[in-house]
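One structure is given here, and the rest of the page talks about it.
Predicted model only: the values in this text are computed from it and were never measured.
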Amino acid sequence: MFNRTTMTEFLLLGFSDVRELQILHFMVFLVLYLAALTGNLLIIIAIALDHHLHTPMYFFLMSLSILDLGSISVTIPKSMTNSLMNNRSISYSGCVAQVFFLIFFAVADFALLTIMAYDRYVAICKPLHYETIMNRRACVQMAASAWISVVLYSSLHTGNTFSITFCGGNMVDQFFCEIPQLLKLACSNSYFNEVGLIAFGVCLTVSCFVFIIVTYVQILTTVLRIPSEQGRHKTFSTCLPHLIVISMFLSTVVFAYMKPISSSPSALDLVVAVLYSVLPPVMNPIIYSIRNKEIKASLRKLTGWRLFN
C-alpha cells in the first residue's frame, strides 16, 4: 500500500513490453517531436524577424507556437526516454511537474485560442476600430492576464491533486501523469474536491467555446456580405483552420477528463491522450503556415526553400 508521504515514484504505462515495439514507439514519437519543434520554431522565427508580421494576429500566433513547444516537451521526451531505456518510472516530483505544466500549457493554449477568435472578430466585424481596440497595450494585457490566471489555476489543480492520499498503488495507466489516471490511485472519498475542480474547469472551457462559436457566427454573417470572392476566401482560410484546431482540442480534453474512470487501461484512453497532448502542437504549424500566405512568404525569404511556394 502506498500513500502520499511514502510515495517516491510512479510507474507510467508502456506502449508495449516487446523491445522492437518500444523502439518503434520511440521513433514515432521522435518524428512527431522533431516535426513539432521544427514547425513551431520556424513560425516563431518568421514572425519575430519579419516586421510585416508584427501585428496582433501574428503576436498571438507566435505565443501559441511557444505554448505548443512547451506542451509537447512536457510529455514526449520522458515517454521516449522510458521506451528507449526500457523503463517506466517517473519520480514523484517529476509527476508533480508534469501535471502542473501540462495543465498550464493546455489551459493557456485554449485561452489564447479564445483571444485569437476575439481578434478575428474585431478585425472582420469592426475593421475601422481594430487598431484602437487591438493596440499593442491591449494585446500584452490580454496575454499577460491569461498567463497569470493560468498559473494560479494550474497551481490550484496541482496542489489539490497531490494533497490526496494514494492507496491504489503507483501504476499510472497513461504514458504521462494524467490527473484522471492519478485519481484512480486515490483513497475513496479523498478526491472529490479535485473532481469538482475539474468539472468547474470543463464548464469554464465550454463557456469559452460558446463565446468562440458566437464570435464565428458574427464573423460568418459579416463575411457573407463581402462582395469580393477573394476577400471571403482569405477570411475563411484564416478562420476555419482556427475553428478546427479548437474543436479537436476541446472535444478530446473534455472526453479525457469527464468520462467515467475505468479500472483497467484502455487503448482509447491512449489515443485520446495523444490527440490532445501530441497532435495539436504538431498540426498547428502545418495548419497556420500552409494556409497563410504571409507566413509562407516570410519563411521563403528566411530560408529560400521552395517548399513554401
Open item on the list: Does anything in residues 39-55 form a side chain to side chain donor-acceptor pair (under 3.5 Å)? List the pairs, not counting sequence neighbours.
Closed with: Asn40-Ser65, Asp50-His52, Asp50-Ser298

Open item on the list: With a 4.5 Å cut-off on side-chain heavy-atom distances among I, L, V, M, F, W and Y, is there a chain of contacts connecting Met116 to Val140?
Closed with: no

Open item on the list: Once you measure the plane-to-plane angle for Tyr153 and His157, does it fall in the parallel (<30°), tilted (30-60°) or perpendicular (>60°) bin?
Closed with: perpendicular

Open item on the list: Is there a continuous path of hydrophobic side-chain contacts, each under 4.5 Å between heavy atoms, that joins Val271 to Leu102?
Closed with: yes

- [ ] Determine yes or no for a side-chain-to-main-chain donor-acceptor pair under 3.5 angstrom, with Ser163 supplying the side chain and Asn160 the backbone.
- [x] yes

Task: Side chain Gln98, main chain Val74, donor-acceptor under 3.5 Å - done: yes

Side-chain atoms of residues 128-135: list all donor-acceptor pairs with protein atoms under 3.5 Å, sequence neighbours left out, distances to 0.1 Å.
from	atom 1	to	atom 2	distance (Å)
Tyr130	OH	Asp119	OD1	2.5
Asn135	OD1	Arg137	N	3.1
Asn135	OD1	Ala138	N	2.8
Asn135	ND2	Thr132	O	2.7

Task: Donor-acceptor pair between Glu9 and Asn170 side chains, under 3.5 angstrom - done: no

Task: Centroid separation Tyr92 to Phe162 less than 6.0 Å - done: yes

Task: The single option from Leu270, Leu12, Thr75, Leu182 passing side-chain contact (heavy atoms from CB on, under 4.5 Å) against Gln174 - done: Leu270

Open item on the list: Looking at Ile76, is its backbone amide N or carbonyl O close enough to the side chain of Ser79 to form a donor-acceptor pair, meaning the two atoms are under 3.5 Å apart?
Closed with: no

Open item on the list: Would you compute the distance between atom CG of Asp173 and atom CG of Leu11 and round it to the nearest 0.5 angstrom?
Closed with: 10.5 Å

- [ ] State the CG-CE distance between Asp68 and Met283, to the nearest 0.5 angstrom.
- [x] 12.0 Å

TODO: Can you establish whether the number of heavy atoms outside Phe26 located under 6.0 Å from its atom CZ is more than 12?
DONE: yes

Open item on the list: Nearest 0.5 angstrom please: Ile43 CD1 to Thr38 OG1, how far?
Closed with: 11.5 Å

Open item on the list: Return the CG to CD1 distance between Leu220 and Ile213, rounded to the nearest 0.5 Å.
Closed with: 11.0 Å

Task: Whether Phe104 and Phe101 hold their rings parallel, tilted or perpendicular, with breakpoints at 30° and 60° - done: perpendicular

Task: All ring pair (Phe, Tyr, Trp, His ring centres under 6.0 Å) counterparts of His25, not counting sequence neighbours - done: Phe15, Phe29

